[in-house]
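These notes concern the structure reproduced below.
Treat the numbers as computed from the prediction; the structure is a model and nothing was measured. Along the sequence shown, the residues carry numbers beginning at 1.
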Amino acid sequence: GTPASMSRFRGALVAAVLGDCVGGEFEGAEEVPMETVLQHLSGLEDETKGNCVLEYSDDTAMTRCVVQSLLNRSGYDEQDLARRFAKEYSASPGRGYGSGVIQVLKKLASPQLVDVYQPARDQFNGRGSFGNGGAMRAAPFALAFPNLPDVTRFARLGAMLTHSCSLGYNGAVLQALAVHLSLQGALSLPQQFISRLITEMEEVEGEEEALRDARILKEAEKPFSERLHRVRDLMDRNKVSIEEVISELGNGIAALHSVPTAIFCVLHCLQPRDYLPENYGGLERTIAYSLALGGDTDTIACMAGAIAGAHYGIEAVPQRWMRCCEGAEDADMNAARLHALYHQTSQGG
Ligand code: R7I
Ligand code: MG
Ligand code: MG
């Protein structure tokens, strides 16, 4: 398809919602047999079930805030976005938010708050959260800004409203960069795609705060870059077991243990796999495979969905799946509006 086409925007935003909604079923499960995943997914195809409804979780709730804010403000506005997060949380607190971030969202509701980044800095004894909550909502930054430096900068700032640890916000940067490259068609050359991500993240993680956080948390010098090298090693191999993916990349709630994993899911599912149904296209394979990893399934499938959706486009999204997922129609409409904003921005207007 054409780079940055409308179809890619729609695919990205809709498939992210699908990943969240269908992944909710298995969130926190230790391991999920592929058979169980396929049963769950074929349940969505069952016409006799009528109006099946899978509700979205915090991943989509916060993504919607980012989308609305970017559209309403025609760009990044930290005050507006912070207000939307707080309002969304107070309206629907039961969407499955991380246990730490709730405190931030409550503080963001205070009208006396001067610095909207401060509540995030107070988390976890002043180090900030390294959870994947910044990354799970990062895709819209790639759909609003055509230039890579803007994507990086605003994905980072947007994450810092809740995640001030570099191991949190750099996960958001990586996720947004993956969607950005996918939107350009970069997944047609998977080796170049992963090399490009490694190059970008090595620069991002060369910053002083990132190096310091990695040292304090006893991670590799450049943790995301190191994990992306592992992704490259795994994708070069013919056969990889689910257990190996989990032990090499993780399936947990930390951004470091989920964003590289989501990227791997997309890369691994570019080709047909013998343990996935033959009638599945790449997007269905990606979501099914993400769920089979267990762990933070809604978030990994949401992030993998955004990257894969930007590659395959809306035509690859099964209509029947879409009908079952709360918020999928809204995502589709908003994707068209983001497409307009992106192309307006790219003309310098
Ligand atoms: O990152 P966050 O928004 O959670 C997102 C996840 C996704 O899976 C959603 O689907 C939803 O289920 O939650 O929320 P945080 O509370 O900031 O981080 C999530 C969890 O990561 C925290 O509750 C902690 O258990 C852990 N965590 C940390 N633990 C110790 N030290 C995050 N940062 C730290 C830390 O610095
Ligand atoms: Mg969730
Ligand atoms: Mg989750």
Side-chain angles (χ1 to χ4, degrees), residues 19 23 26-34 37 130-132 134-136 138 165-168 170-175 177-179 181-182 187 190-202 204-205 210 213-215 217-276 282 285-308 311:
F26 305 112
E27 192 181 21
E30 203 131 296
E31 58 187 276
V32 189
M34 188 59 89
V37 169
F130 53 60
N132 56 20
M136 73 189 184
C165 177
S166 64
L167 276 96
N170 279 342
V173 169
L174 174 56
Q175 168 64 11
L177 286 176
V179 175
L181 293 180
S182 177
L187 276 167
Q191 289 295 339
Q192 288 185 23
F193 175 86
I194 194 74
S195 298
R196 186 78 195 280
L197 283 179
I198 291 173
T199 308
E200 294 299 333
M201 288 311 291
E202 282 187 339
V204 166
E205 293 189 291
D213 286 344
R215 224 169 20 242
L217 290 162
K218 297 192 163 57
E219 294 291 347
E221 187 190 16
K222 296 181 177 180
F224 285 100
S225 308
E226 190 253 357
R227 296 257 159 176
L228 289 172
H229 278 106
R230 294 190 200 182
V231 169
R232 178 149 68 188
D233 293 343
L234 288 174
M235 69 191 267
D236 286 344
R237 285 176 33 197
N238 239 340
K239 274 203 154 64
V240 185
S241 72
I242 297 264
E243 291 75 20
E244 283 172 289
V245 176
I246 296 170
S247 77
E248 286 291 304
L249 302 176
N251 64 359
I253 208 164
L256 186 61
H257 303 153
S258 50
V259 184
T261 311
I263 291 168
F264 175 76
C265 290
V266 178
L267 291 164
H268 183 74
C269 293
L270 288 170
Q271 298 125 263
R273 298 284 168 182
D274 52 18
Y275 42 82
L276 287 164
R285 288 197 296 271
T286 304
I287 290 184
Y289 188 78
S290 306
L291 304 197
L293 295 181
D296 196 358
T297 47
D298 65 335
T299 305
I300 294 173
C302 171
M303 297 190 295
I307 303 165
H311 175 63

Any donor-acceptor N/O pair, [X] side chain to [Y] backbone, under 3.5 Å:
{"X": "E205", "Y": "F224", "result": "yes"}
{"X": "T286", "Y": "C269", "result": "no"}
{"X": "T297", "Y": "L291", "result": "no"}
{"X": "H229", "Y": "S225", "result": "yes"}

TODO: Could I get the full list of salt bridge (charged side-chain N to carboxylate O under 4.0 Å, His left out) partners for R273, not counting sequence neighbours?
DONE: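 Scan of R273 (salt bridge (charged side-chain N to carboxylate O under 4.0 Å, His left out), adjacent residues dropped) gives none.
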
Open item on the list: Side chains of S258 and N132: any donor to acceptor distance under 3.5 Å?
Closed with: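 Result is yes, a qualifying pair exists.
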
- [ ] State, without any angle test, whether T261 and R227 hold a side-chain donor-acceptor pair at a distance under 3.5 Å.
- [x] no

Open item on the list: Are there over 12 heavy-atom neighbours, none belonging to R230, within less than 6.0 Å of that residue's CZ?
Closed with: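 Check passes, neighbour count above 12.
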
Open item on the list: For the CD atom on E31, are there more than 12 heavy atoms of other groups (residues, nucleotides or ligands in this structure) within a distance under 6.0 Å?
Closed with: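 Counting other residues, nucleotides and ligands, CD of E31 stays at 12 neighbours or fewer.
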
TODO: May I ask you to test the L181-L187 pair for a side-chain heavy-atom distance under 4.5 Å?
DONE: no

- [ ] Could you check if a side-chain atom of M136 sits within less than 4.5 angstrom of a side-chain atom of D298, using non-hydrogen atoms only?
- [x]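 In short, these two side chains do not touch, never coming nearer than 4.5 Å.
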
- [ ] State, to 0.1 Å, how close N170 and A210 come at their nearest heavy-atom pair, and which atoms those are.
- [x] ND2-CB, 3.9 Å

